[in-house]
Amino acid sequence: MASSRPREGRRRFPAWGFPAAVLVTFASIYFLPSPIDPEPFIFEKPPPALVGSLQVNKKLQSGQRIFTGRLKGPESFTVDDEGTPDYEPVCGRPHGVRMDQDGNLIVVDSYLGLYKVNPRTGEKTLLLSSEKGVDGLPFKFLNGLEISKKNLIYFTDSSSKWERRHHKYEVIETNHLGRLLAYDPVTRTGRTVLSGLYMANGIALSPYEDYILIAETSICRIIRYWVSGANAGKKEVFVDNLPGYPDNIRLSSTGLYRVGISTTRFPSFFSPFLDALGPYPFLKRFIAKVTPLSFYSIFLHKHGLFLEINDKGDIVASFHDPDGSVTWAVSDVFEHNGKVYLGNTELPFLVVLE
């Protein structure tokens, strides 16, 4: 008769074994160094309701993709009078481009510095190197660019810590290590105009060039800095609590500012991912330890969006592609000869709206 007793030598896994293994795993992760050193940040308001000027529409779905497969993340662009990440630190990554008053192409390369390029010969001149930087602080993530009528070059350094290839860490960390900078081509010198910015990104001068708008991407707002007049040197919030993370800013022919939204931040049953994480640095550290950078993309909703904002900071119109069938991750909104071109940071095409 077979014995009902357990076979000798067989050992049962103790009931406390699994909880203990989980505890050891979490403890091990806790003591691992985190790649980020986040600060708490609380969005004072929930994302704005998608009503009125923010009502979801399909205006961007009338656009057409061009140069498909021949581009990689055409973030910013300009015209003259005639009409892989691991290698980025070596090869460079042009981020902002504008034409100056002398017909030269001015380029900020996220890794290498500020350049002047002859658009006909291709000859390039390094104006400021990232290694040298300005005011004793090297550039880490050059980004936005604007040129005044007097040829003064304004540009942004999004972070003094993170490079462009690690920009997701910059966003989740929510530090304020960005700067607005200026370069004078006459004196060949650069200077810091404004520091302590949250991921300083796209910039745009007002029509009278008495102030400049600066997108603070990681906290979904745009600030205004007065460069001349009675308010010179004053910084103020221009528009906050945006329905997404602002990228470049362009002044349109109608006098409105067009703002590309790289990632949307819409109201829903659950708070947006970064809104929910904002007050809890320890959760940010934990997530950064266990999550590859590429994983964050699964939280991104493929919804194309750009905004039109008046000089009072009011959102007066929005342009949507709600399912991303034509485009998403809009970085720049450039108007030329009656057409509007939409840039992006990663996609292999441009989009043009008639």
Side-chain angles (χ1 to χ4, degrees), residues 75-76 78 88-89 92-102 104-117 124-164 166-167 170 175-206 209-219 221-228 231-236 238 246-251 331-332:
E75 169 140 350
S76 185
T78 189
E88 285 187 352
R93 176 62 153 84
H95 226 73
V97 293
R98 295 289 190 276
M99 301 297 297
D100 70 9
Q101 303 301 318
D102 300 320
N104 297 303
L105 185 66
I106 304 300
V107 180
V108 284
D109 186 292
S110 289
Y111 297 92
L112 303 181
L114 180 69
Y115 285 87
K116 177 176 71 174
V117 180
K124 63 181 181 181
T125 303
L126 179 63
L127 303 178
L128 288 173
S129 72
S130 288
E131 183 179 5
K132 182 178 180 181
V134 162
D135 297 332
L137 187 63
F139 304 141
K140 201 72 173 180
F141 181 2
L142 293 186
N143 201 331
L145 178 66
E146 181 73 297
I147 303 176
S148 75
K149 296 169 185 175
K150 296 180 180 179
N151 247 10
L152 184 64
I153 300 170
Y154 291 97
F155 59 108
T156 58
D157 189 14
S158 291
S159 174
S160 59
K161 179 179 180 180
W162 295 108
E163 295 180 328
R164 195 208 82 92
H166 296 132
H167 70 276
E170 170 70 20
N175 60 49
H176 42 93
L177 301 175
R179 292 187 291 170
L180 173 67
L181 306 141
Y183 176 81
D184 187 336
V186 176
T187 62
R188 298 181 182 179
T189 57
R191 62 184 174 90
T192 300
V193 178
L194 193 61
S195 60
L197 302 175
Y198 288 88
M199 195 177 178
N201 198 330
I203 52 179
L205 282 162
S206 69
E209 301 193 346
D210 51 348
Y211 65 80
I212 189 167
L213 299 181
I214 311 158
E216 289 188 297
T217 298
S218 60
I219 60 172
R221 80 178 181 188
I222 297 172
I223 63 170
R224 171 162 51 193
Y225 180 75
W226 294 87
V227 296
S228 64
N231 292 318
K234 180 181 178 181
K235 180 183 77 170
E236 60 192 11
F238 182 68
D247 204 321
N248 285 299
I249 309 171
R250 294 271 193 166
L251 182 64
S331 64
D332 201 4

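Every value quoted in this text rests on a predicted model; they were computed, and no experiment measured them.
Residues I106 and F155 have side chains not in contact (no heavy-atom distance under 4.5 Å, counting atoms from C-beta outward). Using a 4.5 Å heavy-atom threshold, the side chains of K132 and F139 count as separate.
Across every non-hydrogen atom of G96 and L145, the tightest pair is O-CD2, 3.5 Å. In this structure, E209 and S228 approach most closely via the heavy-atom pair O-OG, 3.9 Å. Annotation for V117 and K124: closest pair CG2-CB, 3.9 Å, computed over non-hydrogen atoms.
Applying the side-chain contact (heavy atoms from CB on, under 4.5 Å) test to Q101 and every residue at least two apart in sequence or in another chain returns N151. Under the salt bridge (Lys or Arg N to Asp or Glu O under 4.0 Å) criterion, K234 pairs with E236, sequence neighbours left out. Residues meeting the side chain to side chain donor-acceptor pair (under 3.5 Å) test with T156, sequence neighbours left out: none. Partners of K161 under the salt bridge (Lys or Arg N to Asp or Glu O under 4.0 Å) rule, at least two apart in sequence or in another chain, are E173. When the side-chain contact (heavy atoms from CB on, under 4.5 Å) test is applied to D135, the partners found at least two apart in sequence or on another chain are T192.
Considering CZ of R191 and CZ of R179, their distance stands at 12.5 Å, rounded to 0.5 Å. Between atom CD1 of residue I222 and atom CD1 of residue I203 there is a gap of 12.5 Å, rounded to the nearest 0.5 Å. Between the OH atom in Y111 and the CG atom in L142 there is a gap of 11.0 Å [rounded to 0.5 Å]. Expressed to the nearest 0.5 Å, how far CG of L152 lies from CD1 of I147 amounts to 9.5 Å. Here the NZ atom belonging to K235 is positioned 6.0 Å from the CG atom belonging to L197, to the nearest 0.5 angstrom. Here the CG atom belonging to L128 is positioned 13.0 Å from the CG atom belonging to D109, to the nearest 0.5 angstrom.
With D102 contributing its side chain and N104 its backbone, the two residues share no donor-acceptor pair below 3.5 Å. Without hydrogens or angle criteria, H167 side chain to R164 main chain gives a donor-acceptor distance under 3.5 Å. Between the side chain of N248 and the backbone N or O of S331, at least one donor-acceptor pair lies under 3.5 Å. In this structure, the side chain of S158 does not engage the main chain of M199 through any donor-acceptor pair within 3.5 Å. For the pair E170 (side chain) and S159 (backbone), a donor-acceptor distance under 3.5 Å is absent.
No option in V108, L127, L126, T125 other than L126 meets the side chain to side chain contact (heavy atoms under 4.5 Å, CB included) test with Y115.
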Exercise for the section: Would you please test Y225 and Y154 for ring-ring contact (aromatic ring centres under 6.0 Å, His included) and show each step? Expected result: CA-CA 12 Å; Y225 180 75; Y154 291 97; 8.8 Å; no
Donor-acceptor pairs are to be reported for all side-chain atoms of residues 211-219 against protein atoms at under 3.5 Å, with residues two or more places apart or in another chain.
from: Y211; atom 1: OH; to: Y257; atom 2: OH; distance (Å): 3.0
from: E216; atom 1: OE1; to: R221; atom 2: NE; distance (Å): 2.5
from: E216; atom 1: OE1; to: R221; atom 2: NH2; distance (Å): 3.0
from: E216; atom 1: OE2; to: Y198; atom 2: N; distance (Å): 2.9
from: T217; atom 1: OG1; to: N201; atom 2: ND2; distance (Å): 2.9
from: T217; atom 1: OG1; to: P246; atom 2: O; distance (Å): 2.6

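The pair D157-K140 fails the salt-bridge criterion, with no side-chain N (NZ, NE, NH1 or NH2) lying under 4.0 Å from an Asp/Glu carboxylate O.
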